[in-house]
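Data first, discussion second: the structure below is written as structure tokens.
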Amino acid sequence: MTGRSQQVALAEGLARQGHIQPAVEACYQALRIDDADPLVHCLLAHLMLEGDFYDEAIEAATRAIEIDPDCSPAYLALGLAYDRRGGMWDQSILVWHELAEVVPDLVTAHVQLGEAFSAAAFDEEAIDAWRKALELDPHKARAMYNLAIAALRKEGVATALPGFRKAGELDPSQDDFFFALAGIKDDGNPAPDPEDVEEDRESRLEAAGALAFEEDFFSAAEVIRWIFDEDHDDADALALSAYLYIKQEAINEAMACALRALSINKRTRTAIYCLGVTFSKRPGLNEHAARVFGALAKSSPDEPIPHVLHAEALLGLQKFSRAETAYQTAIRLDPACVRARFGLAAVFFTEGRHAEAMWEIRRAAYHDTRRQGLFWDLYDAYTEGSA
Amino acid sequence: MPTRDKDARKRRDEARAARAAKAKSAPKKKKAPQAPKAPERPVAKVAEPPGKRTASARNPLFPIGVNYYPLEAETQSWDDWYDRDVASEFAAMAEARMSLVRIFISWKLFEPQVGQYSDDAEDRLSGIMDAARDNKLQLIVTFFADDRLAELLEVPWGKKRDARTDQYLLQRETSLIQRIVNKYRSDPVVFAWDLGNEAFLSGFKTQPQLEAWVDTMREAVREVDPDRPILFSVDPETMFRHTGVDPRDAIDKGEIAVSHATAAYRAYASEGPVISGPSTYVDGFLLHSAARDLPVLMDDIGMLSLDHSVAEESAHVRTVLYTGLMNRASGVLLRRFCDLDTERREPYFRDPFEVLVGLVDVDGEDKPVMNEVETFARVAAWVDFKEYTLVPERTAVLIPGERYEPLPNLAGLYDPRACLEAYMFAKEAQLPVSVAREEDEFGAFSVLVVPSAFNLTDETWERLASFVQSGGALIYSYGGGEAHPAVRDLFGVEFLGDGGAVDSLTCRVAQQDVLGTLEPFDSTLSLPHFALLGHGGGTVVATDAKGNPLLVANQHGQGRAVFIATPVERALAQGDPWAAPAEVKAMMQTVYGAVASAAGCGAQIECDIPEVEVALFNGEGDDIVLLLNHSPEAVTANLVFERAVASISDVRGGTPSQIGAVGLGVALEPNGAASLRIVYA
Amino acid sequence: MSDDASARLYQALVNQDAAAAISVIEQVRGASSDTGTLFESLFAPAMSLLGGAWAAGTIDEYTFTQAAVVAEQIGSFVMPSSTAQDTGVTVLLGTMHRDHHSIDRNIIAAALKEAGHRVIDLGADVRPAEFLERLDETGARIVIVCAQMMATARSILRVREMFLTGGVDDAVILVSGGPFAADKTLARTVGANGVISGAESALKLVSRAARDLRKAGRIS
């Protein structure tokens, strides 16, 4: 293959910008010029996948692979199309196997392979695949969720719940929620150097939050100390301290700070959040966690994460139908909330609603893989390799 | 179902011939509307018990049947074709109040060598006929089917030629048909001749090929049997989706049409759990889509995968059966009578003993789904179509002609989903709704819904304008790109351009009560387009948060046209149907409902639960109301009638409950159904 | 609970004196019958004082950290137990003979164990005789039989028959599985006392059955 033709480049450009109809038309134009170009078929497969037209995606990806059996982006599109369509697990397993060999460090391939195995009732193979995924990327939340579900199916919710929580911590959306409560947003500007922070409380609090956002915990702690030097009964500063301690796995310290903050001002939502998180780390405090997160969900009704946290606490108390309601609320607020989807799947499994549980897992995979945008990584690597 | 009245049939055939002649000179055929006219149904074959109102064991105008496959175990061979105790199975079907059975001819068995027919095969067929007769069942005889197992069409002398196009094989097929038809042409046991099933017919590559084959086979049947109905079992929408071949013209040559949702179509249009959401509406949508001016048999009802529990299977079958009865099907056929006994496999599927989805298991024991069929049959038996007529569907969702454009035009992929979404909105607004196509006559309808179409033809715009001018109502949601010039006069809006994709949909109500009681909202929803509109005379009913018109209603002539500035139906169809924002759905249901009410074809019975479908059968002294819960939650549907209800009772009988009010509540189980006889005060 | 106790606990934490901390807790426990609220009324206020002291600079980072370590050590004295108290109710659980579906059974077993019941999980493919044998052996009077296939669900009748043959007419048989959700009459047909539709319903039904059996004097 000598490089992309102008038409293919045009199609690719349109596809990257998400202009599906013009991109499809450009692909067809390109096919009229050369219908044996795997890149075009590959692009078509991706575009069809973007529109959730799985049969068309399968056809295009299959054609690309027939032309070039090493076309890794086509394998990705094909595997995703099979999995999203459902009912094609035997084909899907083969594709993910192949892709895992062609691109061995592609974590998603192992996660998807595991899910295909699981759907086809090869449970042990599924677990092996997810473990392999975690070996490649210990932060792969979806692999962890799947392992938690596998544990649930063997040993019940109590065994699975820590896995859910651990996976949830890998999910940046929980931290994003804390910062949303604290009014801290990514505005593109880096956090200030502590020495440059102005000496008023507001500026220091804002700077400490920004530093915490950037995970510069020590600098953040330093600035917070300056706040305490002026007024040690600052509830917001105490809540931020609690967050910093949570991130450093110092749960009791975090609990102490959060409790102190709430004794000063019981409406400090950041402190409520931190207190709930510390409670959730102690199995005996599930009831307390449920109460705290329930209050947080009420005070932040339009945020999915507090509902998810509330649901997880309810799972710990074996209040499955209430957990289901909380998870459903979270999903209504954010259909792409993978954590809520897996949680809801867990609840469905406890109720024997296997088909609905598997559907939620498929939807979680759908949203997770869409978010990752892996196709273009593989496409670029493939085109570079063949240039 | 067709009448036995020869005069009526003759008149229809003449009319059809005249149409066909006209069609040869015209590029497009306009189909007569289906909506208000009930399809002709056969005269009862089952005697009604005399005396007081009682149901016959089966409803002769709504036959319930099942596909009866030739083999019952994977280990059987092709020549084990119906080599079993058919009589006892037919007796079981009759006991379950079925009246129709589809059987499949094995060409391989019947004609093992060219021109030589097997006596054994013919004897077996004769035995099947006798068994059906003895049990008061009727048969649909399918000549050319692919059941993936019994090698029905793999005649050894065929040398792998294509049975669809090879002239020599076509001749042999004709002979086979005539041989069988000739033998049973005057036997009332045969309900209809079925040319082929979708698995076989999906092998046709072009429309002319398909039509040529259908013509040949029909002629072969008609030469011998001029009267009996002929069908071929393809759904026009699913077949076109899968093969790109449009079978509508071929279907129109028959006397009965068929609808069925294939696994692939479900995966395309309504993926997800079968007990909620679009999955519970797609069968009704396809039924209406298949109904043109022929009665429609709803075929292949049953599960299509092994993922579901026994309870889900029962719920799904119940939903589809009632959907058929409530949406003007002329009969229903279940997918399979008996589970297929399969080989023992490794745990590749969940069950160590994998079974396919029959009504009875491999040991002949009834499965819970059989109870559903029996219960449904008892209900259906009480709905006498000679006394009760379904309220006509005056609202139609229009499938645009672009749906039939091939790739790279994506309309064919987006439009059916958007149309299904619109159909669901109409159902959730409790509207009797049908499905029409762009080239159909609009006269029979009072409301047309054009959901998120990319383009309509100039001619269609003229017809729509004329339709509204004459008093019809039109609901149109912008589909993207340049708006047609007709939009300006029709909707009273100035199209300023496509505002592009937006991530949220906001609604602020400017004029209350013009399109029902709308509520303001802010919702997260990805929309691919948003029409920027200037004022052109129409009433801006609602805007987005920035004041851009969202809903515009315009009086045009004697009718009304409503413009929705964004392709809501497409956006919801493309998104996650189970996470569709409730407020957006509520807005669409309200708009659809209000437009239909103003046009005089709104909900006859109000119901406070959108997921409960209500079908009203009007009778002389009383009405029958059927309710179907499309959700997996138990609900109490609060119904409000147009006049006071004196009493209600179960349609099958029982002590009436006195009501004396216009409203009443009906408790429904998850995916449950209720059938009520209503007597008014 | 007096502020004094919380203050003393706080001091013990700051002094890194686990023994003193435990002593405070035991004194409070001894003085009050309501020990279920030790966490809210004693531990939480003490931790709040700790947090305040750290914020005020009264204690340094090291002391704070060490106090947290002590808090971890004594946590089990004040936090509600993560394991439920033994209810004394024995439940036999198994998947019916010729049926190998285990997921629902595993989940139900785990939920019942979590709730403090004594669960004896007989696994899959359990013959009626085995149910009877373990019933006699353990004295259990609550049996949960799972089945996901119609044929095996119908055959659960043999369990009741086996029990009656064995002279056990007071066992509560609860059934679980898709067939029972699909056919509401099937449970009665097979002689079951109730249908479990999931983990939560298992907890409710077993509690109710245990209550009824206790009232009838069938179990202690």
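None of the values given here were measured: they were computed from a predicted structure. In what follows, chains carry the letters A, B, and so on, assigned in the order in which the sequence lines appear, proteins first and then strands, with residues in each chain numbered from 1.
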Query raised in the report: Can you check salt bridge (Lys or Arg N to Asp or Glu O under 4.0 Å) on A:Arg84 and B:Glu271, steps first, answer last?
Result: CA-CA 9 Å; A:Arg84 290 177 188 175; B:Glu271 53 169 342; over 6 Å; no
Requested in this report: Counting only heavy atoms closer than 4.5 Å, note whether A:Leu47 contacts chain B via side chain, backbone, both or neither.
Outcome: neither
Query raised in the report: Quick one: which residues of residues 330-353 of chain A reach chain B at under 4.5 angstrom, heavy atoms only?
Result: A:Ile331, A:Pro335, A:Arg341
Requested in this report: Would you name the heavy atoms of A:Ala355 and B:Glu312 that are closest together and state the gap between them?
Outcome: CB-OE1, 3.5 Å
Query raised in the report: Where on B:Ile275 is there a heavy atom nearer than 4.5 Å to chain A: the side chain, the backbone, both, or neither?
Result: side chain
Report task. Among A:Gly87, A:Gly18, A:Gly51, single out the residue with the greatest number of heavy-atom pairs under 4.5 Å to chain B. Result -> A:Gly51
Requested in this report: Could you tell me which of B:Pro581, B:Pro528, B:Pro273 has the largest number of non-hydrogen atom pairs under 4.5 Å with chain A?
Outcome: B:Pro273
Query raised in the report: Is the number of heavy atoms from other residues, nucleotides or ligands under 6.0 Å of B:Glu405 CD greater than 12?
Result: yes
Query raised in the report: Who wins among B:Asn409, B:Thr524, B:Leu407 for the most heavy-atom pairs under 4.5 Å with chain A?
Result: B:Leu407
Query raised in the report: Is there any ring pair (Phe, Tyr, Trp, His ring centres under 6.0 Å) pair reaching into residues 319-339 of chain A, and which pairs are they, with sequence neighbours excluded?
Result: none
Requested in this report: Find out whether B:Tyr268 and A:Glu56 are in side-chain contact, i.e. whether some heavy atom of one side chain is under 4.5 Å from a heavy atom of the other.
Outcome: no
Requested in this report: Identify the residues of residues 22-35 of chain A whose heavy atoms come closer than 4.5 Å to a heavy atom of chain B, ordered by number, or report 'none'.
Outcome: A:Val24, A:Glu25, A:Tyr28
Report task. For B:His630, enumerate each residue passing the ring-ring contact (aromatic ring centres under 6.0 Å, His included) test, keeping only those at least two apart in sequence or located in another chain. Result -> B:Tyr281
**Report entry** Region of B:Tyr414 in contact with chain A, defined by heavy-atom distances below 4.5 Å
**Finding:** both
Query - Between CG on residue B:Leu413 and CD1 on residue A:Ile20, distance to nearest 0.5 Å - result: 10.5 Å
Query raised in the report: Between the main-chain N or O of B:Leu410 and the side-chain N or O of A:Gln21, is there a donor-acceptor pair closer than 3.5 Å?
Result: yes
**Report entry** Segment of B:Ala264 engaging chain A (4.5 angstrom heavy-atom cut-off)
**Finding:** both
Query raised in the report: If you count the non-hydrogen atoms of other residues, nucleotides and ligands that lie under 6.0 Å from CD in B:Glu669, is the total more than 12?
Result: no
Query - Which of B:Gly480, B:Pro408, B:Ser276 touches chain A most, by non-hydrogen pairs under 4.5 Å - result: B:Pro408
Query raised in the report: What option among B:Arg417, B:His308, B:His242 has the most heavy-atom pairs under 4.5 Å with chain A?
Result: B:Arg417
